[in-house]
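Report on one structure; see the data block that follows.
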Amino acid sequence: MGVSYPPESDAPADHHHGHSHDGDWRLLAALAGGCLVFGLAGYLCEIFAAPTAVTLIFFGLAYLCGGYDAAVDSFETIRHVKLDVHFLMLAVAVGAASIGAWHEGALLLFLFSASGAMEAFAMHRTRREIDSLLRGAPKSARVIEGGVERIVAVEDLVAGQTVLVTDGELIPADLEVIKGASACDESNLTGEALPVSKHVGDRALAGTLNVAGVFEGRVLRPASESSLQRIIRMIAEAQGMKAPAQRFSDRFGPGYTGIVLALCGSMFLVWWLVLGLPAFREGDQPSAFYRSMTLLVVMSPCALVLSVPSAVLSAIATGARRGVLFRGGVAVETLADVNVVALDKTGTLTTGDLRLTEAVCLRGDEGRFRQLAVSLARLSEHPLSRAIRRLGAQWQIEALAGSAVVSRAGRGIEAVVESQPAVLGSRKLVESNFGAVDFVSPQAGAAEVWVADSATCGVLFFTDELRDSAPALLAELARQGVRIVVLTGDQQAAADTLGRKAGVGDVRAGLLPEQKLAAIEELKAGGTNKVAMIGDGVNDAPCLAAADVGVAMGARGSDAALEQADVVLMNDRLESFLLARTISRKARAIIHQNIAISLGTVVLMAFGAFLYPIPLGIGVVAHEGSTVIVVLNALRLLAIRR
């Protein structure tokens, strides 16, 4: 399935060849080739004194091929009472022809069209990198209803249906495994090279490939809302979201074009009326018009307006191919400036693979306690709830229906199960609903999940392992001068234990979502810090939105976290944050290089054109050469491996 790109007016490639699409680079290359061939033929006719009519025919064909794309774009912008670099190029080409410099005008149009073809090819290659991630989405699914299997279109799937997935099939929608086991190749979504095991209670993501075994899964959401489609939308949005430097060049461009036209017109009058140059060609002496045309060429801002979007789009493509999704140019630029990183604990700093170490039933029947826990866990997407659901499959417990569900952010959930109020969550939530509990926790450092109704009360203890990559990652960030802060709702003892293992001194535990948010605002206070927040849960969404850069962990993260994030680590690897930061820093460096190259070329050549009659051909080569250089420089981002 291809990506649906933003309207052309927002697309990065529009600055140079606005109507060009990915497939047009071949046409543009053919037109540039035609311009070169016909231009050389015309030039040879000039040298060997061929009939004027023949010479003009060849040059006319060269102008037609080389100026076609610029003419189409200029027509569109003129209709909206705007002028752009395409108009400037055509004006110079026509001006060169008017003074008999046909070969120089043909050279200009060839280089302009050739650079446009190279730009279109660069954008094609960049978008192909993204499109390859999303190709081959499934079209149908095997739905099992009443023991009968039937084939339905993927777009007709609804949440709650049971789907059978066999070996070698693509997952048709986001599923929760309810029977069987397998492994899925998620490389197209997450960049994860090895298949990921899937057992009862695990999620299988739409568009990934089932490579080992057969399983049945419950549809979690319609295919249009799947992880695959969400990523497609994110990438499409990312390509239309402009970086700060790009917005500057966009604002700069139109006004600059007017200034250049006015300056060249004024200099024509100065060279003609003040300095006494002939208005048009007289013998071999450079005319005022010729020098004005040269000035117009060297001051055209083609390279400048391409300098930022080419780098941003390459950075987005590089990240997407390696499991890092940037949601726009702002994220690409801002991440490079981050000097404080705040991390959630469960599922971010830890693996999120929670293991039950003990289940203690304090009141009531233990079977009822376990069934109540599994029933309430079905109503939440918290990592602890997902762990309890997996336990339910192992215990072979049938969940009960819940109603009147109320989520208490940072505390748990309340619901009615079999006409009885029940809660799942923190000890405080249990005590606020059913009174104080006389119990001393025997497991310091373990995560506690309390379950209770009027007749039943108990607690489940879970442990979570620190990610193997976390200590090295945090040490590297510290080496780069980045401050690390852990924000978690867990108990202080558990958080401190983990902080010591990870080598983090600033650990803030027992935080409700609003307290996490306050911590982010505190870290940002004064404007001296750029803060990134890394998390994966619903409770992290407000912090992700408040941080300068919100980073969500994995395609398996909560919908709320993914929607608020500026960067998504699709492969669920914390170390990918370093890759994202590397891409961001290199992209920013390339943006600065491109701006320096483009502005430096304009200033140098314009200064020379004021002082000396630079040949128009040299101005053309300098102008188009800088444009090609900034595009090729941006493509270096596609070679990033780490």
Side-chain angles (χ1 to χ4, degrees), residues 159-160 162 176-181 199-203 216-218 220 346-347 352-464 489-491 494 537-539:
T162 299
E176 179 181 358
V177 179
I178 58 176
K179 184 179 179 181
H199 301 282
V200 173
D202 291 335
R203 286 188 182 184
E216 294 179 11
R218 177 173 60 86
L220 296 175
T346 304
D353 184 17
L354 296 153
R355 294 184 295 106
L356 179 70
T357 57
E358 189 175 2
V360 180
C361 182
L362 302 173
R363 183 174 69 238
D365 178 69
E366 183 167 347
R368 168 70 179 180
F369 159 61
R370 293 191 175 195
Q371 187 175 42
L372 194 61
V374 173
S375 302
L376 291 168
R378 290 182 66 247
L379 308 175
S380 167
E381 286 301 315
H382 191 280
L384 288 165
S385 296
R386 294 198 293 268
I388 294 171
R389 290 203 298 272
R390 287 193 291 270
L391 286 173
Q394 297 173 16
W395 293 338
Q396 297 184 332
I397 292 176
E398 184 176 349
L400 303 171
S403 60
V405 181
V406 178
S407 177
R408 303 296 183 188
R411 295 179 181 272
I413 59 170
E414 301 172 355
V416 174
V417 179
E418 292 189 326
S419 304
Q420 295 293 320
V423 299
L424 171 78
S426 68
R427 179 171 183 156
K428 289 181 179 179
L429 184 63
V430 169
E431 292 182 336
S432 65
N433 281 272
F434 301 106
V437 178
D438 184 16
F439 178 73
V440 178
S441 173
Q443 296 193 25
E448 299 179 6
V449 183
W450 287 77
V451 184
D453 64 8
S454 57
T456 308
C457 182
V459 58
L460 302 167
F461 293 95
F462 290 90
T463 58
D464 193 6
D490 284 359
Q491 298 179 15
V538 173
N539 294 341

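Quick caveat: nothing in here was measured; it's all calculated off a predicted structure. Just the heavy atoms: all of them, side chains too, but no hydrogens, waters or symmetry mates, feed the values below.
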Task: All side chain to side chain donor-acceptor pair (under 3.5 Å) counterparts of Arg218, not counting sequence neighbours - done: Glu176

- [ ] Take atom CZ of Arg363 as the centre, draw a 6.0 Å sphere, and report whether it contains more than 12 heavy atoms from other residues, nucleotides or ligands.
- [x] yes

Open item on the list: Can you pull out every salt bridge (charged side-chain N to carboxylate O under 4.0 Å, His left out) where at least one residue sits in residues 412-426? Sequence neighbours excluded, please.
Closed with: Arg368-Glu418, Arg408-Glu414

Open item on the list: With heavy-atom distances below 4.5 Å as the criterion, would you say the side chains of Val449 and Val459 are in contact?
Closed with: no

TODO: Please name all residues satisfying side chain to side chain donor-acceptor pair (under 3.5 Å) with Ser375, sequence neighbours left out, ordered by chain then number.
DONE: none

TODO: Please identify each residue that fulfils side chain to side chain contact (heavy atoms under 4.5 Å, CB included) with Ser385, with sequence neighbours left out.
DONE: Ala377, Ser380, His382, Arg389, Leu424

- [ ] Drop me the distance from Asp365's CG to Leu372's CG, to the nearest 0.5 angstrom.
- [x] 11.0 Å

Task: With sequence neighbours excluded, residues passing salt bridge (Lys or Arg N to Asp or Glu O under 4.0 Å) with Arg390 - done: Asp202

Open item on the list: Between Val360 and Glu358, is there a side-chain heavy-atom distance shorter than 4.5 Å?
Closed with: yes

- [ ] Taking the side chain as every heavy atom from C-beta outward, state whether Asp453 and Pro421 have any atom pair closer than 4.5 Å.
- [x] no

Task: Ile178 vs Val200 side-chain heavy atoms within contact, under 4.5 Å - done: no

Open item on the list: Test of understanding: with side chain to side chain donor-acceptor pair (under 3.5 Å), list the residues that count as partners of Gln420, not counting sequence neighbours.
Closed with: Ser454

TODO: Identify the two heavy atoms, one from Ala181 and one from His199, that lie closest to each other, and give their separation to 0.1 Å.
DONE: CB-ND1, 3.7 Å

Task: Within-4.5 Å side-chain heavy-atom neighbours: Val437 and Val430 - done: yes

Task: Ala415: partners by side chain to side chain contact (heavy atoms under 4.5 Å, CB included), with sequence neighbours left out - done: Leu376, Leu379, Val405

Open item on the list: Considering only residues two or more places apart or on different chains, which pairs with a residue in residues 392-407 satisfy salt bridge (charged side-chain N to carboxylate O under 4.0 Å, His left out)?
Closed with: none

Task: Atom pair CD (Glu448) and CZ (Phe461), whose distance is rounded to the nearest 0.5 Å - done: 4.5 Å

Open item on the list: The criterion is side chain to side chain donor-acceptor pair (under 3.5 Å); which residues satisfy it with Ser426, sequence neighbours excluded?
Closed with: none

- [ ] Could you tell me whether the side chain of Val374 reaches within less than 4.5 Å of the side chain of Ile388, counting heavy atoms only?
- [x] yes

- [ ] To the nearest 0.5 Å, tell me how far Gln396 CD sits from Leu391 CG.
- [x] 13.0 Å

Task: Interatomic distance, Leu460 atom CG to Phe369 atom CZ [nearest 0.5 angstrom] - done: 4.0 Å

Open item on the list: For Arg370, give me all partners under side chain to side chain contact (heavy atoms under 4.5 Å, CB included), at least two apart in sequence or on another chain.
Closed with: Glu366, Trp395, Ile397

Open item on the list: For Phe439 and Trp450, take the angle between the two ring planes, folded into 0 to 90°, and tell me which bin it lands in: parallel under 30, tilted 30 to 60, perpendicular over 60.
Closed with: perpendicular

- [ ] Identify the heavy atoms of Val417 and Ala422 that sit nearest to each other, and give their distance.
- [x] CG2-CB, 4.4 Å

